[in-house]
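So the structure is just underneath, and the comments pick up after that.
Small disclaimer: the values here were computed from a predicted structure and weren't measured. Ligands are counted one by one from 1 in listed order, and the atoms in each one are counted from 1 as well. Any value given below was found using the heavy atoms of this structure, including those in side chains, with hydrogens, waters and symmetry copies removed.
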Amino acid sequence: MTRPINITIFNEFIHEKSNPVVTDIYPEGIHTTLADGLAKNLGKNAKITTATLDQPSHGLTPETLGQTDVLLWWAHLAHDQVDDQMVNHVHQRILAGMGLLVLHSAHASKIFQKLMGTNCMLKYREAAEVERLWIVNPTHPIVKNIDTDCIQLPQTEMYGEFFDIPKPDDLILISSFEGGEVFRSGCTFQRGHGKIFYLRPGHETYPIYHHPQIQTLIANAVQWLAPDPATPTYHPHARHTPGSVPAE
Ligand code: ZN
């Protein structure tokens, strides 16, 4: 993309205002740390907007969504409070080509469940365990410039299989945890014209979005998710008029 990527970061922004541990790690909110990481990695190639649940239209006005190339979604406590009409609008934008980066506990968001058609549930344990994020698809653009076989995070929440998602188009990362569990932590999907990436790391009580390699992963993912200008424009339910097929 020759112009900057229009990125919108949605964060429900509740933990940061109610849990002092989270406030210490993300004083300006998870969305601000994500925005800072993207600005550092993408520079002038990113135009970043943030949106939170308590804003009118959750900060996702038709104007904002209409201009968004890639939407990031972080949420945990208040999936039910996201307006169903808003979910439908986001869904239509993805089918028309907008990219979606689903982060950590957003596996249970309405939009991810709607896109996947499954419950998207998993096993979890909060025990500050070491996580190793193994790169299992080293030529994929999402892991470019990650100069290691695995990213090690010293303290994380465990997510374990079975993760109730459809078979991903591509599996990029598999996590292993101290307790022995494994998890499909980086999965790509396509729905309509839109690309989707699920990325597991990001539990709110650990400084995971400050980690340089996680910031690189997220910046790579945003670039991969951005619609390709060469992709044909999406025309829902277009009438095909006689004579529109080229003659032989
Ligand atoms: Zn969590």
Residues pairing under ring-ring contact (aromatic ring centres under 6.0 Å, His included) where one sits in residues 227-248, two or more places apart or in two chains, turn out to be H193-Y234
Residue set satisfying side-chain hydrogen bond (donor to acceptor under 3.5 Å, both in side chains) with K114, at least two apart, ordered chain then number -> N88
Item to complete: Flag yes if more than 12 heavy atoms outside N19 fall under 6.0 Å of its CG atom; otherwise flag no.
Response: yes
Please tabulate, for side-chain N and O atoms in residues 170-182, each donor-acceptor pair with protein atoms closer than 3.5 Å (sequence neighbours left out).
| residue | atom | partner | partner atom | Å |
| --- | --- | --- | --- | --- |
| D170 | OD1 | N137 | ND2 | 3.2 |
| S175 | OG | E131 | OE2 | 2.5 |
| S175 | OG | S185 | OG | 2.6 |
| S176 | OG | W134 | NE1 | 3.2 |
| E178 | OE1 | V130 | N | 2.7 |
| E181 | OE1 | R125 | NH2 | 2.8 |
| E181 | OE2 | R125 | NH1 | 2.8 |
| E181 | OE2 | R125 | NH2 | 3.2 |

Exercise. Taking the six-membered ring where the residue is Trp, are the ring centres of H210 and Y26 under 6.0 Å apart?
Worked result: yes
Notebook entry, point to check: Ring centroid separation for Y159 and H104, is it under 6.0 angstrom?
Noted result: yes
Protein N/O/S atoms closer than 2.8 Å to the Zn ion (ligand 1), ordered by chain and number, come to H104 NE2, E157 OE1, H203 ND1
